[in-house]
**Student:** 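Below is a structure I'd like to ask you about.
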Amino acid sequence: MIDQVQLQQVDECLWEIPKSARADMRVPAYVYALEELLEDLRKDRTLDQLMNVATLPGIQKAAIVMPDGHEGYGFPIGGVAATDVSRGVISPGGIGYDINCGVRLLTSSTRYADVKGKIGELVHELSRMIPKGVGRGGRLVLSTGQMEEVLAGGAEWAVANGYGLNEDLDHIESRGRLEHADPARVSDHAVKRGHDQLGTIGAGNHFVEVDRVEEIYDDETAEAFGLFQGQLVILIHTGSRGLGHQVATDYLKTFLNAMPSYGLHIPDRELACAPFSSEDGQNYFKAMAAAANYAWCNREVISWEVRQSWEYIMKEAGENLRLLYDVAHNIAKIETHRISGKNHRLVVHRKGATRAFGPGSPEIPDDFSKTGQPVLIPGSMGTHSYVLAGTKESMENSFGSTCHGAGRRMSRTAAKKMVDAPTLKRELLANDIAVEAGSYAGLAEEAPVAYKDIDLVVETVHRARLARKVAKLRPVGVIKG
DNA sequence: ATGTCC
């Protein structure tokens, strides 16, 4: 066992690893966590990886990990790293294999109590409508030309082709389309993998969940978000499927080969990177943006499937499901942030971290300009999820970022050994949570015991003011891959 | 996360 990393407490929820902790660190590392969460963060390579991130050329201010952080490929999951656009690098490991994995929330005008008896049917219908599982395709099969439109247009493609509402676009981060996307930078192989996966959730922690609003923490913001006590809402969590995975795989290989020519020295080859302004860096950024657009289109098409199911079971228009917001949590974006009183153009890498822009930010829609943007934090299966709002403090301290979920504390393998899936399913049902799972193995991997305590994670970011609590959601039905 | 090893 290596020596324990020294953490200096800055605040109740903030710990610092000073730049002096390692000769190669260019900036300090910040860990956001209530003390109870530190033990989990020390159990794996999270803090080592965070210090590795602090060595990246062009990194600004600090390498940051959120309270849901855990070990990932190169970078910790739950990590935020901002590099200078002209002097810094871009690293696929800082974004993750599932490019633009993210979450959206649809709100209804229906109370759970009024339709309790229909939840089982609704969950069954959702399960029938929404393809799930590794490698699964869906009902949409796109030509190469249509794929180019999706990669360039993102969620707009779904709306233009009858799979979404125009009003949805106002409530998607970046309106569901990154303009830097270039379909020509996505390999034929990646395009092929994606051609039949729009409208599918995949596997792992991806899901479609029916929830009810259990608790409101801030009446005014909840009202602005269209949330009320007892309301039925639908939470969708998925990403760019095989296409994004292939983009990550392709460019990691390219970067590993190209690294020597850039003269970049990094402590771990999983931090493979290229100067953002280099041809390789730009090609990856344009391909990543295209994969991000695919993911936004995917969540839009899934919303269409949800609305179809809703119409069929609830006998009311699918349009009654309104999109509250859609957030990315695995992405790199060009953003301007103030550091020591000066504006900087940065490549903000968020890997298992959510944008949490505060009130007045020009990048969030007008209807949230007073409250800050909606932030959606799914908990582990069968526990609960949160709706938060972005803050000015997150803009000042974490490049406008917060946590993204409960965060795994046990490996998939360990969870499968420990958990008996049929028992778990019965327990969920006993708690009035209907589950339709693609496989028992997948269900076991996602057992709540394999995750951190979502309440502690959210309490950390709330107390640290990286986002503030608006509402708590309780699941009543879940579809998993 | 991922046609969980071309």
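Chain naming here is simple, since letters A, B, ... match the order of the sequence lines and numbering starts at 1 in each.
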**Student:** With a cut-off of 3.5 Å and sequence neighbours excluded, list every side-chain donor-acceptor pair involving residues 178-185 of chain A.
**Tutor:**
unit_1, atom_1, unit_2, atom_2, d
A:D182, OD1, A:A184, N, 3.0
A:R185, NE, A:N283, OD1, 3.4

**Student:** B:dT2 P sits how many Å from A:K253 NZ, rounded?
**Tutor:**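 Taking NZ of A:K253 and P of B:dT2, I get 22 Å after rounding.
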**Student:** Using a heavy-atom cut-off of 4.0 Å across all strands, would you classify A:H189 as base, sugar-phosphate, or nothing?
**Tutor:**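 Touches a base.
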**Student:** Enumerate, atom names and distances included, each donor-acceptor pair closer than 3.5 Å involving a side-chain atom of residues 75-82 of chain A, sequence neighbours excluded.
**Tutor:**
none

**Student:** Base, sugar-phosphate or nothing for A:A203? Non-hydrogen atoms, less than 4.0 Å.
**Tutor:**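 Sugar-phosphate only.
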**Student:** Using atom CG of A:D250 as one end and atom P of B:dC6 as the other, report the distance to the nearest whole Å.
**Tutor:**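 My rounded result for the distance is 13 Å.
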**Student:** Tell me the salt bridge (Lys or Arg N to Asp or Glu O under 4.0 Å) pairs involving residues 397-418 of chain A, sequence neighbours left out?
**Tutor:**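 For residues 397-418 of chain A, and leaving out neighbouring residues, the salt bridge (Lys or Arg N to Asp or Glu O under 4.0 Å) pairs sorted by first residue read A:D40-A:R409, A:R408-A:E446, A:R412-A:E445, A:R412-A:E446, A:K416-A:E445.
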**Student:** Please report, rounded to the nearest Å, how far the P atom of B:dC6 is from the CD atom of A:Q246.
**Tutor:**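 Nearest whole value for this atom pair: 10 Å.
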**Student:** Once you apply a heavy-atom cut-off of 4.0 Å, does A:E445 come out as touching a base, just sugar-phosphate, or nothing?
**Tutor:**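 Nothing, no nucleic acid heavy atom in range.
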**Student:** Does a side chain donor of either A:R468 or A:T391 reach within less than 3.5 Å of an acceptor in the other side chain?
**Tutor:**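 No, because no side-chain N or O of A:R468 sits under 3.5 Å from a partner of the opposite role on A:T391.
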**Student:** In whole angstroms, how far is the C1' atom of B:dT2 from the OH atom of A:Y73?
**Tutor:**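 Distance check: A:Y73 OH to B:dT2 C1' gives 14 Å.
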**Student:** What residues, two or more places apart in sequence or in another chain, satisfy side chain to side chain donor-acceptor pair (under 3.5 Å) together with A:H70?
**Tutor:**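 Here no residue qualifies.
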**Student:** Rounded to the nearest Å, what distance is computed from the CG atom of residue A:N298 to the C1' atom of nucleotide B:dT2?
**Tutor:**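 About 14 Å, once rounded to whole Å.
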**Student:** Kindly say if A:R241 contacts the phosphate of B:dT2, meaning a side-chain N or O under 4.0 Å from OP1 or OP2.
**Tutor:**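 Yes, within the criterion.
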**Student:** Residues from residues 130-143 of chain A sitting under 4.0 Å of DNA chain B, heavy atoms only?
**Tutor:**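 The answer is A:V134, A:G135.
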**Student:** Mind calculating the distance between NZ (A:K192) and C1' (B:dT2) to the nearest angstrom?
**Tutor:**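 Atom NZ in A:K192 sits about 17 Å away from atom C1' in B:dT2.
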**Student:** Please name all residues satisfying salt bridge (Lys or Arg N to Asp or Glu O under 4.0 Å) with A:E71, sequence neighbours left out, ordered by chain then number.
**Tutor:**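 A:E71: no salt bridge (Lys or Arg N to Asp or Glu O under 4.0 Å) contacts found.
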